[in-house]
Number of protein chains: 2
Amino acid sequence: VADIDAFVKGASEALVAELSEWCAIPSISTDPAYARQVRHSAEHLAGLMETAGLHAEVLSVDGGQPAVYAEWLGAGEGAPTITVYGHHDVQPVDPLELWTTPPFEPAVRDGCLYARGASDDKGQIHFQLAAARHLLAADGGLPVNLKFFVEGEEEAGSPTIDTFLAEHGERLSCDVIFVSDTGMYAADVPTLVTAMRGMAYFEVELRTAASDLHSGEFGGTVPNAVEALARLLSGLKDDDGRIAVPGWYDDVLELTAEERDQFAALPFDREHFRRTAGVSALPGERGWSPLERIGGRPSADVCGLWGGYTGVGSKTVIPAEAHAKVSFRLVSDQDPDRLRPLFERWAVDNAPEGAEVRVRWLHGVKPCRTPLDHPGNQAASRAVARAWGVEPLFTREGGSGPERALSDALGASCVYLGVMLPSDRIHAPNERLDLGNYFNGLRAAAYAYEEFTRPEIAGPLLEGRR
Amino acid sequence: VADIDAFVKGASEALVAELSEWCAIPSISTDPAYARQVRHSAEHLAGLMETAGLHAEVLSVDGGQPAVYAEWLGAGEGAPTITVYGHHDVQPVDPLELWTTPPFEPAVRDGCLYARGASDDKGQIHFQLAAARHLLAADGGLPVNLKFFVEGEEEAGSPTIDTFLAEHGERLSCDVIFVSDTGMYAADVPTLVTAMRGMAYFEVELRTAASDLHSGEFGGTVPNAVEALARLLSGLKDDDGRIAVPGWYDDVLELTAEERDQFAALPFDREHFRRTAGVSALPGERGWSPLERIGGRPSADVCGLWGGYTGVGSKTVIPAEAHAKVSFRLVSDQDPDRLRPLFERWAVDNAPEGAEVRVRWLHGVKPCRTPLDHPGNQAASRAVARAWGVEPLFTREGGSGPERALSDALGASCVYLGVMLPSDRIHAPNERLDLGNYFNGLRAAAYAYEEFTRPEIAGPLLEGRR
């Protein structure tokens with residue numbers, strides 16, 4: 001690992017060119033029209049993996065979009081096995097006219113690579129791949145056994161991942177899952193994610209009458225479905241910003257003092273954050289900072305609401321039905337299956353007079369958390385410190401992903417090495433990858449493979465084998 | 001007027017045939033595709049008026065749909081002048097498949113004429129016309145001067161009526177406006193409308209962020225536009241069902257003891273009403289009966305609300321904006337122009353933290369009220385008592401129309417003779433006209449022309465001339 005700096009310096013242009021070629025493939029997984037391109041992207045990546053010296057396969061189950069599985073197992077049974085997780089599919093690109101350069105014609109400007117997928121998530125898989133390839137070429141091997149599981153439908157909500165894990169989980173088995181699909185606080189404030197939130201997503205249907213009624217004939221004496229739903233949902237959080245559903249916090253693990261210290265150590269600029277979000281206030285649960293609320297506390301949001309007349313001009317109607325999408329972000333150890341009946345009961349119990357409420361379950365994701373003192377987190381922290389020259393802070397991510405499903409299926413914890421920056425505009429026009437962060441990520445990945453083998457790290461990791 | 005019963009008996013089939021022929025013209029004013037049919041309907045009616053012995057003209061202003069004006073002024077200056085108001089345009093007919101017989105192929109079944117417009121409002125204009133024609137033919141004249149103003153765009157919200165009244169108001173001038181476009185409680189419980197509610201209609205736009213935000217990245221620490229609007233609107237009425245906007249009730253004339261007695265005398269079956277409305281509860285302002293709340297009290301309804309993601313499945317978005325249609329029904333002497341800033345101020349003052357509220361005014365209608373002891377109401381009451389053989393009760397209608405605009409423009413009060421029944425399904429499939437009520441309406445119209453000339457009625461009416 002001694003020559004990693006020299007390698008990055010010498011190969012930087014070739015690396016960016018290779019990543020650009022991959023990013024030029026429009027592997028949009030949410031639009032069936034791009035299915036061939038998703039497959040093309042998978043095959044292209046498998047080729048890169050083979051060139052790097054790994055054995056690679058393109059796999060899919062149940063008509064799902066193809067994933068890439070790759071492995072190099074030359075370190076032997078006594079060495080830790082690491083499975084890198086990420087995805088090669090990308091978000092749609094609309095509105096196209098807001099892109100300075102076309103999303104699938106990668107371009108370097110101001111030290112950044114602009115392309116859809118540059119940061120989320122091809123760039124992050126690519127630095128792991130480049131680190132492994134360099135070590136295999138320079139040292140003839142890796143200190144760890146390395147596997148890759150690179151999904152092709154993460155942006156589409158990973159619809160077949162459970163089936164995939166049931167079918168191929170044995171091949172993905174490992175001592176630690178090395179996730180490269182998250183971000184860090186800032187290029188000069190490296191952070192390591194230790195937890196991701198889960199989700200419980202409901203649709204609420206409320207009905208007050210057999211059909212819409214005329215507000216002249218009935219106004220003043222019949223229930224109004226839109227008003228009833230507004231009233232119901234306005235009680236979803238109490239005056240302290242806490243979710244009012246009984247039992248909702250029963251399984252919430254409070255942030256530890258150390259985690260709160262880490263959050264507090266981040267150079268959080270409230271005013272900058274507010275401006276970036278484009279809001280005029282930062283309301284939320286009393287007693288927690290904004291970063292703690294996003295990463296470490298449950299949240300609830302009405303994602304959509306509709307009912308009655310929504311066209312141009314006026315219509316004097318008393319709506320008979322109204323609908324809402326209600327989503328919750330969960331934190332460990334909340335379990336969406338356990339919370340589901342709690343919300344359903346709350347909605348029915350709190351239905352205003354004359355309103356009949358039906359709750360439909362849309363989907364759930366379990367939250368994921370790896371304690372700060374987990375050996376994998378310690379290894380990653382050392383690797384990042386070596387690459388960035390700065391001690392990283394531990395933080396949590398507010399989003400939800402398949403990490404917990406992976407962790408449960410493989411019986412291993414997730415450790416996160418993610419280099420996305422808040423300014424990377426993922427999912428938006430002009431997505432970009434900070435190349436400085438990309439090269440640091442490459443270095444950190446190489447260092448991490450080494451750090452995972454330290455006795456005080458590898459020992460506990462190997463003990464955890466089932 | 002002695003032979004009116006004989007006339008109705010002898011001419012009943014011819015009358016229904018003539019009305020059917022008119023109802024066969026699809027004079028849908030809300031759909032430009034039917035503009036020629038609306039004109040056809042106006043010309044057809046003008047022909048009937050001329051045949052009856054009135055001078056008739058088809059008039060329109062500002063590209064509005066054509067109205068019919070007709071007059072017979074043979075009673076002379078000393079006699080009261082009555083202007084009958086109604087409309088010859090009709091509602092759309094969708095969903096067509098729910099009609100037992102086609103909406104524009106009038107058919108008689110079970111003592112009712114089924115056709116779009118049969119009850120609302122061609123049948124009601126027709127009984128007035130038939131009464132006048134009979135008296136002109138049988139007696140050679142009418143006891144009153146009679147005018148007709150039959151609008152062609154009432155169902156489209158009377159968009160050009162103010163211009164029409166400014167241009168032609170002088171010709172419509174009268175001592176009393178005789179409105180035939182309302183209903184009665186039941187065929188055997190004749191009632192006379194004495195007031196109609198007004199309206200103030202707003203659109204509320206609420207914004208919390210520059211654009212939608214990701215509920216994973218921001219959930220728990222930014223305002224949510226849909227939630228903010230739900231919270232705002234859930235405070236629109238207090239726990240007593242009263243509108244919470246300061247000053248809203250300042251100009252409300254309370255129902256008189258006599259009006260409350262009249263409401264209480266109606267054979268109101270709460271359970272039947274509830275079932276007819278298709279609701280499970282009858283919430284409303286505390287202290288007033290359902291009929292009082294509909295006719296005599298202000299009401300507020302959120303007619304529509306929308307914001308955020310409303311498609312299929314889930315999207316984890318924190319909405320940046322939300323919209324609502326909010327309408328109020330007003331009672332005398334509330335004035336929409338005076339209430340407008342009160343609601344605007346309330347919405348802004350009560351905007352939740354982080355929400356910017358904008359209120360757009362859509363339109364207003366002034367409420368209309370004629371005291372029970374108005375001489376015109378006394379005349380109409382006597383006429384209905386003679387026709388139905390039952391003393392009518394006075395009531396109020398919850399809807400809004402151009403009556404107040406007419407009343408203000410012509411400087412005369414509105415007196416209502418309407419025979420629509422709750423079972424007539426106006427605006428809905430299978431609209432029908434109860435022919436017994438139609439013939440009673442014809443008789444009552446003829447009697448009313450006579451009653452308006454009684455000295456104790458005509459005296460005060462003529463005194464009111466400007």
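A quick note: this is a predicted structure, and the numbers were derived from the prediction, not measured. When reading the values below, keep in mind they use all heavy atoms of this one structure, side chains included, and skip hydrogens, waters and symmetry mates.
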| said: Which one wins on heavy-atom pair count under 4.5 Å against chain B: A:K237, A:E285, A:E397, A:H427? | reply: A:K237
| note | Among A:G307, A:G354, A:P422, the residue with the most heavy-atom pairs under 4.5 Å to chain B is A:G307
| task | Spell out the residues in residues 210-219 of chain A that have some non-hydrogen atom less than 4.5 Å away from a non-hydrogen atom of chain B, in order of number; otherwise answer 'none'. | result | A:A210, A:L213, A:H214, A:S215, A:G216, A:E217, A:F218, A:G219
Minimal non-hydrogen separation, [X] against [Y], with atom names:
X: B:A277; Y: A:A209; value: O-CB, 4.2 Å
X: A:G220; Y: B:D301; value: N-OD2, 4.4 Å
X: A:P319; Y: B:G304; value: CG-N, 4.5 Å

| Residue pair A:T221 / B:W288, side-chain heavy-atom distance below 4.5 Å | no
| With a 4.5 Å limit on heavy-atom distance, are the side chains of B:S234 and A:E227 in contact? | no
| remark: Honestly, the part of B:I294 sitting under 4.5 Å from a heavy atom of chain A is both
| message | So for B:F273, is it side chain, backbone, both, or neither that comes closer than 4.5 Å to the heavy atoms of chain A? | response | side chain
| task | Would you confirm whether B:K325, through its side chain, and A:T316, through its main-chain N or O, come within 3.5 Å as a donor-acceptor pair? | result | no
| task | Look at the side chain of A:N224 and the backbone N and O of B:V302, then say whether any donor-acceptor pair between them is shorter than 3.5 Å. | result | yes
Under 4.5 Å, counting heavy-atom pairs only, tell me which of [options] racks up the most with chain A.
options: B:V317, B:L229, B:L362; answer: B:V317
options: B:A281, B:A322, B:A300; answer: B:A281
options: B:P290, B:G284, B:G295, B:A320; answer: B:P290
options: B:G308, B:G399, B:P283, B:S280; answer: B:P283
options: B:S299, B:S289, B:P223, B:A355; answer: B:P223

| message | I'd like to know whether CG of B:D240 has more than 12 heavy-atom contacts from other residues, nucleotides or ligands below 6.0 angstrom. | response | yes
| task | Please check if atom CD in A:E205 has more than 12 non-hydrogen atoms from other residues, nucleotides or ligands closer than 6.0 Å. | result | yes
Below 4.5 Å from any heavy atom of chain B, which atoms of [X] appear? Answer side chain, backbone, both or neither.
X: A:L305; value: both
X: A:Y201; value: side chain
X: A:A228; value: neither
X: A:F202; value: neither
X: A:M196; value: neither
X: A:V222; value: both
X: A:V326; value: neither

| field | Distance, nearest 0.5 Å, that separates NE2 of A:H363 from OG of B:S314 | value | 4.5 Å
| Is there a side-chain contact (heavy atoms from CB on, under 4.5 Å) between B:L233 and A:R231 once you walk through the steps? | CA-CA 8 Å; B:L233 294 177; A:R231 189 168 285 240; over 6 Å; no
| task | Not counting sequence neighbours, which residues clear side chain to side chain contact (heavy atoms under 4.5 Å, CB included) with A:T310? List them please. | result | B:W306
